[in-house]
Each structure stands twice: as structure tokens, then as C-alpha cells.
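Chain identifiers are assigned alphabetically (A, B, ...) following the order of the sequence lines, protein sequences preceding nucleic acid strands; residue numbering begins at 1 within each chain.
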Amino acid sequence: MPAPTALPDPATLSQLHERIGAWFRAHARDLPWRAPERTPWEVMVSEFMLQQTPVNRVLPVWREWLRRWPTPAALAAESPGEAVRAWGRLGYPRRALRLHAAAAAIVAEHDGEVPADRETLLGLPGIGAYTAAAISVFAFGHRETVVDTNIRRVQARLISGRALPGRGMTAAEMRLAEALLPRDREDSVRWNIAVMELGALVCTARSPRCEECPVLADCAWVAAGRPEPEVAPKGQAWHGTDRQARGALMAVLRAASAPVPRALLLDPRLPEQAHGSAAEADDVVRAVRALRRLEAPPEQLRRCLEGLLTDGLAAEPTPETVALP
DNA sequence: TAGACGTGGAC
DNA sequence: TGTCCAAGTCT
């Protein structure tokens, strides 16, 4: 059972707003998707890419993506496979597929303009509670409660006195975020991004930099003597998993511009065939060797390939070959 | 609601 | 080295 959460009184809350706001003005990173002239589409692309992926890895892919596809219509005009290829090594390539599908829906149903309200955004592929709120706030300046993993962690420590939030978001956390949100619209936008930034830079999951925290004196977790987390981390297995095998299969498809023989994917011990340019052939050979090194059971490779086809991450131009969709 | 879903950097 | 973690979404 979560510890009871005492809401700060109005004076304290106002002080929290002030201190975290001042900290943000002094320490915020200069991230391109925060520039005031950014379009809603540019913000939306950043939010998709930032789902479970660190800022530093997103930056170059975001720039190249928007150079190629500066509008939803530009992306929708491409094949989904090109989106998956441009996604590169960001991970969770289904996000590329969903971003492409969302662009198509925006063109088909919203005159090519990113919707401004949370409810409409929620109807788009790949947009859940967090991303809908984030786009509404960061692209359109609306007053909405945004609750991401950073904000949950800051709230858990600062207000609830716990080391980490639980696995799933609770209604209580949502209510707490609403209660903390400044009334003024512009202040609320600033608050959301500032708390996220505080969580990302100072109130981090592993080794929080409490000495740099602007609200250290108000922190319920510190006041409680920094108790240990209540829930043990889940621990993601990796070696030998389907996720690893799917990733290796996708790497081969991304590297190849021509369809790849199905037999090569299912039995990567086969000799690689020539693919396109010499440079590309090198990339394909490298990817196939990485797949081979997994020494995944043939049964697993078959299952994973079928999964990629089912998910739409791969297609079969012919019965004997596989390619990006 | 718990589990699946990529990838690479930090400790 | 292995574990943990990252602006989540979907089923």
C-alpha cells in the first residue's frame, strides 16, 4: 500500500513552482524540439522517438527524419518500410510503423494537420495517455496534466516520500499531478516540462543528484531518510530472447535494399549473397553474421520471422523472400 | 494487469 | 560482466 500522500499547502506549492521554475530556466537542456518555432509535427515526431529512448540517441534521427519528411503528408506518401529503415537503431521499430500510420490518419482524417486536443490525439496509432497530453501541451500550449516516468518519480519522492513509483500508474498519481499543476496556462506548460527535466537530470532513478536539487529541503523521501524502493525492478532478460532475435532479423532487413531470401534468415549459416553496392553488401553481411552469432534455434527464428510479418514490420514480396514493408 | 516489445549507455 | 534504465503503447 502506498504511503499516504500529503498535499503541500498553497504557500508551499507556490514555492515549489517558483524553485523548480527557476532551476529550469538555469539548467534546461537546449533541445531542438523545445524551440518556440517548432511545428506540432516536429514535436509529435520527437514524442514518438522519445518513448523509452534516451534524448542523445534521438537527436540525430529526429533531425534527419524531419529533413526528409517535414510534414505528415510527406511521411504518409512514403512506404512504411522507409519509415522503419529511417528509424535505424532507435529500437521498438513498431513505433516507426505507428508514426507512419498516424501520419496517414492525419492526412486522411484531419486535413494533414496534427490534432490539437488530447481526445483526438488519443485516437491516433501509437499515441497513448502520455503522448496525447505531451503533444497537447508542448506543441499547442494547452493546460493538461502530463505524467511520464520522470514526473512520476519526482512526485513519488518529493510528495509521497517513496524511492520510486510502482509498476503501473495509479489514479492517485494522476490526481496528484492535477493538484500540483499551476492554474495559469503558461505556468502549467512550464511546470510540466520543468518537472520532467528535473527528473531526467537531477531526480534520476539510479543515483539522484540531491545536492543539485532546488527542492531538496521539501523532499519527503529525503526527510524520511531515503527509504529503499518497495518494488524490485523487473529485470529485462535479453540473451536468447525473441526480442533479441527479432532485433537481429530486423537489422538484416534494414541493411538490405533488395528482398532477402527467407532461407538465409532462417538459416544464417548459409553464405550471404551479394546485395547492392559494396558498402551495402558489407552491412548486410555484418547483420547476417550478427544473426548467426546468436545461434538461435531454427524454430525460434521461424517464430520470430512470422511475428515480424504478423506485426507488419516485414513483408513477403515473394514466397521465398522477405523485405521491409 | 502483466508481459511483450529494441537498443545501447552507465555503473 | 551483468543489471538497470530510458519523454510508453498495446494486448
Side-chain angles (χ1 to χ4, degrees), chain A residues 28-29 31-34 42-62 84 87-99 101-102 121-139 144-154 163-171 173 177 189 192-201 203-209 229 231-254 287 290-291 294 303-304 307-308 310-314:
Chain A
R29 291 168 292 181
L31 301 175
W33 43 83
R34 287 180 185 164
E42 290 170 323
V43 173
M44 175 172 159
V45 171
S46 80
E47 290 301 339
F48 268 74
M49 292 183 173
L50 288 164
Q51 291 169 3
Q52 299 283 282
T53 305
V55 163
N56 287 339
R57 289 176 46 213
V58 165
L59 280 167
V61 184
W62 181 85
V84 172
W87 198 256
R89 301 176 160 281
L90 280 188
Y92 291 145
R94 55 182 55 190
R95 288 182 295 164
L97 229 41
R98 290 175 181 154
L99 180 52
L121 287 162
L122 266 178
L124 295 173
I127 296 188
Y130 163 74
T131 304
I135 294 172
S136 177
V137 170
F138 303 138
E144 303 268 12
T145 53
V146 177
V147 185
D148 79 322
T149 187
N150 290 303
I151 291 180
R152 293 185 65 209
R153 190 173 52 250
V154 172
L164 292 172
R167 292 266 165 75
M169 192 172 62
T170 65
E173 286 179 276
V189 173
N192 279 322
I193 189 63
V195 178
M196 284 177 68
E197 191 78 337
L198 186 67
L201 298 183
C203 196
T204 55
R206 203 98 62 112
S207 308
R209 300 170 174 81
V231 292
K234 199 170 50 203
Q236 303 173 333
W238 177 245
H239 292 290
T241 62
D242 281 7
R243 296 169 77 181
Q244 185 186 33
R246 285 169 59 109
L249 289 167
M250 285 302 298
V252 175
L253 297 183
R254 278 199 308 268
L291 178 61
L294 295 186
R303 179 176 69 244
C304 289
L308 293 177
T310 300
D311 292 347
L313 284 165

Asker: Find the distance A:Met49:CE to C:dT9:P and express it as a whole number of Å.
Answerer: 16 Å
Asker: Taking the same atom, C1', in C:dA7 and in B:dA2, what whole-Å distance lies between them?
Answerer: 22 Å
Asker: Taking the P atom in each of C:dG2 and B:dC5, what is the distance between them to the nearest angstrom?
Answerer: 22 Å
Asker: Given side chain to side chain donor-acceptor pair (under 3.5 Å), test A:Arg243 with A:Tyr92 step by step and report yes or no.
Answerer: CA-CA 10 Å; A:Arg243 296 169 77 181; A:Tyr92 291 145; 3.0 Å; yes
Asker: Listed by chain and number, what are the salt bridge (charged side-chain N to carboxylate O under 4.0 Å, His left out) partners of A:Arg246, not counting sequence neighbours?
Answerer: A:Asp311
Asker: For B:dG6, does OP1 or OP2 lie under 4.0 Å from any side-chain N or O of A:Arg246?
Answerer: yes
Asker: Using a 4.0 Å heavy-atom cut-off, does A:Ala205 contact any base of the nucleic acid, only the sugar-phosphate backbone, or nothing at all?
Answerer: sugar-phosphate
Asker: Just the rounded figure in Å: distance from C1' of B:dA4 to CG of A:Asp311.
Answerer: 10 Å
Asker: Should the side chain of A:Arg94 and the base of C:dT9 be counted as holding a donor-acceptor pair, with the cut-off at 3.5 Å?
Answerer: no
Asker: Rounded to the nearest angstrom, tell me the gap between atom CZ in A:Arg29 and atom C1' in C:dA6.
Answerer: 11 Å
Asker: Judged by each residue's nearest nucleotide on DNA chain B, which is more toward the 5′ side, A:Pro54 or A:Arg167?
Answerer: A:Arg167
Asker: Quick check on C:dT9: is either OP1 or OP2 less than 4.0 Å from any side-chain nitrogen or oxygen of A:Thr131?
Answerer: yes
Asker: Atom OH of A:Tyr92 to atom P of C:dC10: distance rounded to whole Å?
Answerer: 14 Å
Asker: Answer yes or no: does a side-chain N or O of A:Arg153 lie under 4.0 Å from OP1 or OP2 of C:dA6?
Answerer: yes
Asker: On DNA chain C, does the nearest nucleotide to A:Arg34 precede the nearest nucleotide to A:Arg98 from the 5' side, or the other way round? Give the residue.
Answerer: A:Arg34
Asker: Taking OP1 and OP2 of B:dG8, is either one under 4.0 Å from a side-chain nitrogen or oxygen of A:Arg89?
Answerer: yes
Asker: Could you say whether A:Pro125 or A:Thr53 is positioned toward the 5' end of DNA chain C, judged by the nucleotide with the nearest heavy atom to each?
Answerer: A:Thr53
Asker: Side chain of A:Arg57, base of B:dG8: donor and acceptor closer than 3.5 Å?
Answerer: no
Asker: Measure the shortest side-chain to side-chain distance between A:Met44 and A:Leu99 over non-hydrogen atoms and say whether it is less than 4.5 angstrom.
Answerer: yes
Asker: Quick one: do A:Arg34 and A:Glu197 make a salt bridge, cutoff under 4.0 Å?
Answerer: yes
Asker: Could you work out the separation of C:dT11 and B:dT1 based on their C1' atoms and round it to a whole Å?
Answerer: 10 Å
Asker: Side-chain donor or acceptor of A:Arg206 under 3.5 Å from a matching atom on the base of C:dC5?
Answerer: no
Asker: Checking A:Glu47 against A:Tyr130 for the side chain to side chain donor-acceptor pair (under 3.5 Å) test, could you report, in this order, the C-alpha distance in whole Å, the side-chain angles of both residues, the deciding distance, and whether it holds?
Answerer: CA-CA 9 Å; A:Glu47 290 301 339; A:Tyr130 163 74; 2.9 Å; yes
Asker: Given atom CZ of A:Arg95 and atom P of C:dG8, what is their separation to the nearest angstrom?
Answerer: 10 Å
Asker: Can you tell me if the side-chain N/O atoms of A:Gln52 get under 4.0 Å from OP1 or OP2 in C:dA6?
Answerer: no
